[in-house]
Amino acid sequence: MPTQHTIPAVPLPHAAHPGATMPQVGFGVFQVPDAETTRAVSLALDAGYRSVDTAAVYGNEAGVGRALAEAGLTSGPARAEVFVTSKLWVDDMARSDVAPALGRSLERLGLDHLDLFLIHWPAPGRGQYVEAWEALVEARDAGLVREIGVSNFQPAHLDAIIAATGVRPVVNQVELHPALQQRGLRAAHAAHGVVTEAWSPLAQGALLRDDVIARVAAAHAVTPAQAILRWHVQHGTVVIPKSVTPERIAANLDLFGFALSDDEMAAIDALDRDGRTGPHPDRFNG
Ligand SMILES: NC(=O)C1=CN([C@@H]2O[C@H](COP(=O)(O)OP(=O)(O)OC[C@H]3O[C@@H](n4cnc5c(N)ncnc54)[C@H](OP(=O)(O)O)[C@@H]3O)[C@@H](O)[C@H]2O)C=CC1
Ligand SMILES: O=C(O)C(=O)[C@@H](O)[C@H](O)C(=O)CO
């Protein structure tokens, strides 16, 4: 059994709720079928995860909601023990479509509010991300979501929504792993006080046989996935690894009983090679 350690709470500097934080390690459910999602999220909650990342487009918000309900985490004082993120899909970015889309997500999840709601992609070809952001600000002010953020935003997209509203996203969730380190974007996040959240933190498994990762993992008697996730953690990044495999679900949270040396961090830093696995945000419009 992996050792249980407290999951660090990452401060959200521009949160609407002063002092708000989010768990540095959460559980992602992309590509998990709805029926299987309940079992996977239940395993994750049993392993100690207290943050779940879903999206309307994943088709599994209901499965997440069933697991939260079975664990008694959907209402009452226990609701505050879990951090639930969902995302607005690109088809619903017109200003008048945002509140109904959010309502449908809440209904599927069985929740009266989200902890974090993200614009899933800027989809610049649609020309709607600024009005979508204005609608997210309204949803936050109405109490339907505690905090709001974005996903897959480039620096120019961040600048545009901040200039239009004066409201900064608390996080930008972007593809980030040793083969795509997003240094320029991370610098923009630091300048704006936006927390960096990594999607596909394991590059969907593509880096698990890398020689450098294997060497670092062996030195600490951990798995390659744990070495990669620990690298993220030491960079201060929020991670949301996905797995449907019980031992991996548990191991991916067991990151706080070892630390990488400066040399090991530098060796993984040197793996940066523009190794994007997903769509480019400047070109993806859904
Ligand atoms: N905002 C966005 O646009 C996006 C957001 N996301 C979010 O990020 C989350 C994580 O990204 P995702 O793309 O799922 O990819 P990950 O980088 O988390 O990798 C998941 C893959 O790695 C495998 N894996 C997980 N843990 C281990 C381990 N310890 N050892 C070996 N293999 C392992 C899983 O297999 P198995 O399940 O079989 O164990 C799965 O095939 C998503 O689930 C989603 O919530 C993802 C993509 C885009
Ligand atoms: O997983 C997500 O959150 C995504 O946005 C993407 O994977 C997207 O749905 C996609 O598959 C684009 O090809």
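What you are looking at is a predicted structure, and each value in this text was computed from that prediction instead of being measured. Each ligand, and each atom within it, is numbered from 1 in the order the structure gives. Only heavy atoms go into these numbers, but all of them, side chains included; no hydrogens, no water, no symmetry mates.
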Would Glu264 and Arg215 count as a salt bridge (charged side-chain N to carboxylate O under 4.0 Å, His left out) if you check the C-alpha gap in whole Å, the side-chain angles of each, and the deciding distance to 0.1 Å?
-> CA-CA 9 Å; Glu264 290 167 336; Arg215 175 172 58 75; 5.8 Å; no
Going through the distances and angles, do Gln181 and Arg183 end up as a side-chain hydrogen bond (donor to acceptor under 3.5 Å, both in side chains)?
-> CA-CA 6 Å; Gln181 298 188 17; Arg183 291 167 204 256; 2.9 Å; yes
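With a 4.0 Å cut-off on non-hydrogen atoms, Leu118 does not touch ligand 1 at all. Of all the heavy atoms of Ser200, the ones lying under 4.0 Å from any atom of ligand 1 are found in both the backbone and the side chain. Residue contacts with ligand 1, taken as heavy atom pairs separated by less than 4.0 Å, do not involve Val32 at all. Under 4.0 angstrom from ligand 1, the non-hydrogen atoms of Ala225 all belong to its side chain. Contacts of Thr54 with ligand 1, taken as heavy-atom pairs under 4.0 Å, are absent altogether. Neither the backbone nor the side chain of Pro224 comes within contact range of ligand 1; no heavy atom lies under 4.0 Å.
The ligand atoms of ligand 1 that sit less than 4.0 angstrom from a heavy atom of Val29 are 43 (O), 45 (O). Applying the 4.0 Å criterion to heavy atoms of Trp121 picks out, from ligand 2, the atoms 4 (C), 5 (O). Against a heavy-atom cut-off of under 4.0 Å, Leu208 is close to the following atoms of ligand 1: 31 (C), 32 (N). Near Thr245, meaning under 4.0 Å from any of its heavy atoms, are these atoms of ligand 1: 36 (P), 38 (O), 39 (O). The ligand atoms of ligand 1 that sit less than 4.0 angstrom from a heavy atom of Ala203 are 17 (O). Short contacts between ligand 2 and Phe284, defined as distances under 4.0 Å to a heavy atom of the residue, involve ligand atoms 12 (C). The distance from ligand 1 to the heavy atoms of His120 drops below 4.0 Å at these ligand atoms: 1 (N), 2 (C), 3 (O).
Summary of contacts: the protein heavy atom closest to atom 26 (N) of ligand 1 is Asn252 ND2, 3.0 Å. When hydrogens are left out, the protein atom nearest atom 15 (O) of ligand 1 is Gln204 CG, 3.4 Å; that is the closest non-hydrogen contact. In terms of protein heavy-atom proximity, atom 2 (C) of ligand 2 is nearest to Tyr58 OH, 3.3 Å. Pro279 CG, 3.8 Å is the protein heavy atom nearest to atom 13 (O) of ligand 2. Nearest non-hydrogen protein atom to atom 34 (C) of ligand 1 is Lys242 O, 3.6 Å. Of the protein's heavy atoms, Asn152 ND2, 2.9 Å lies nearest to atom 3 (O) of ligand 1. With hydrogens left out, the protein atom closest to atom 4 (C) of ligand 2 is His120 NE2, 3.5 Å, a heavy atom. Looking only at heavy atoms of the protein, atom 7 (O) of ligand 2 is closest to Phe30 CZ, 3.1 Å. When hydrogens are left out, the protein atom nearest atom 27 (C) of ligand 1 is Arg248 CD, 3.5 Å; that is the closest non-hydrogen contact. Taking atom 9 (O) of ligand 2 as the reference point, the nearest protein heavy-atom neighbour is Trp89 CH2, 3.9 Å. Closest protein heavy atom to atom 45 (O) of ligand 1: Asp53 OD2, 2.7 Å. In this structure, atom 43 (O) of ligand 1 lies nearest to the protein heavy atom Phe30 N, 2.9 Å. In terms of protein heavy-atom proximity, atom 9 (C) of ligand 1 is nearest to Ile240 O, 3.2 Å.
Checked against a 3.5 angstrom limit, the closest N/O atoms of Ala198 and ligand 1 fall outside it. Taking only nitrogen or oxygen atoms, main chain and side chain alike, Lys87 does not reach within less than 3.5 Å of ligand 1. In terms of polar-atom proximity, defined here as any N/O pair under 3.5 Å, Val244 does make such a contact with ligand 1.
Residues Arg126 and Asn285 share a closest heavy-atom pair of NE-O, 2.7 Å. For the residue pair Ala56 and Arg108, the shortest heavy atom distance occurs at CB-NH2, 3.7 Å. The shortest heavy-atom contact between Leu253 and Gly48 is CD2-C, 3.5 Å.
A donor-acceptor pair under 3.5 Å is formed between the side chain of Tyr49 and the backbone N or O of Ile249. The backbone N or O of Pro23 sits nowhere less than 3.5 Å from a side-chain atom of Arg50 that would complete a donor-acceptor pair. At distances below 3.5 Å, at least one donor-acceptor pair connects side-chain atoms of Asp34 with backbone N or O atoms of Gly63. No donor-acceptor distance shorter than 3.5 angstrom exists from the side chain of Gln234 to the backbone of Met265, with no hydrogens or angles considered. Of the possible donor and acceptor atoms, one in the side chain of His157 sits under 3.5 Å from a partner among the backbone N and O of Gln154. Side chain of Ser200 to main chain of Leu202: no donor-acceptor pair is present (N/O by atom type, distance under 3.5 Å, no hydrogens or angles).
Taking all heavy atoms of Trp199, Phe284, Trp121 into account, the minimum distance to atom 47 (C) of ligand 1 is reached by Trp199.
Residue-ligand proximity: Phe27 is placed with every non-hydrogen atom at 4.0 Å or more from ligand 1. The shortest heavy-atom distance from Thr223 to ligand 1 is not under 4.0 Å. Not close to ligand 1: Gly278, with no non-hydrogen atom less than 4.0 angstrom away. Ligand 1 has Pro241 within reach: a non-hydrogen atom of the residue lies less than 4.0 Å from it.
Criterion: ILVMFWY side-chain heavy atoms under 4.5 Å apart, direct or through other members. Under it, Leu12 and Val194 are not part of a common hydrophobic cluster. Grouping the Ile, Leu, Val, Met, Phe, Trp and Tyr side chains by contacts below 4.5 angstrom, directly or via other members, places Ile148 apart from Val170. By the rule that hydrophobic residues join a cluster once side-chain heavy atoms approach within less than 4.5 Å of another member, Val239 and Ile213 end up as members of one cluster. Linking Ile, Leu, Val, Met, Phe, Trp and Tyr whenever their side-chain heavy atoms come within less than 4.5 Å leaves Leu73 and Met22 in two separate clusters.
Ring pair Phe284/Trp121 is tilted by interplanar angle, where 30° to 60° counts as tilted. Using cut-offs of 30° and 60° for the angle between ring planes, the Tyr129 and Phe153 rings count as perpendicular.
Residue Glu61 forms a side-chain contact (heavy atoms from CB on, under 4.5 Å) with just one option from Val52, Val84, Leu109, and that option is Leu109.
Interatomic distance, OG of Ser86 versus NE2 of His120, reported as 9.0 Å (0.5 Å rounding).
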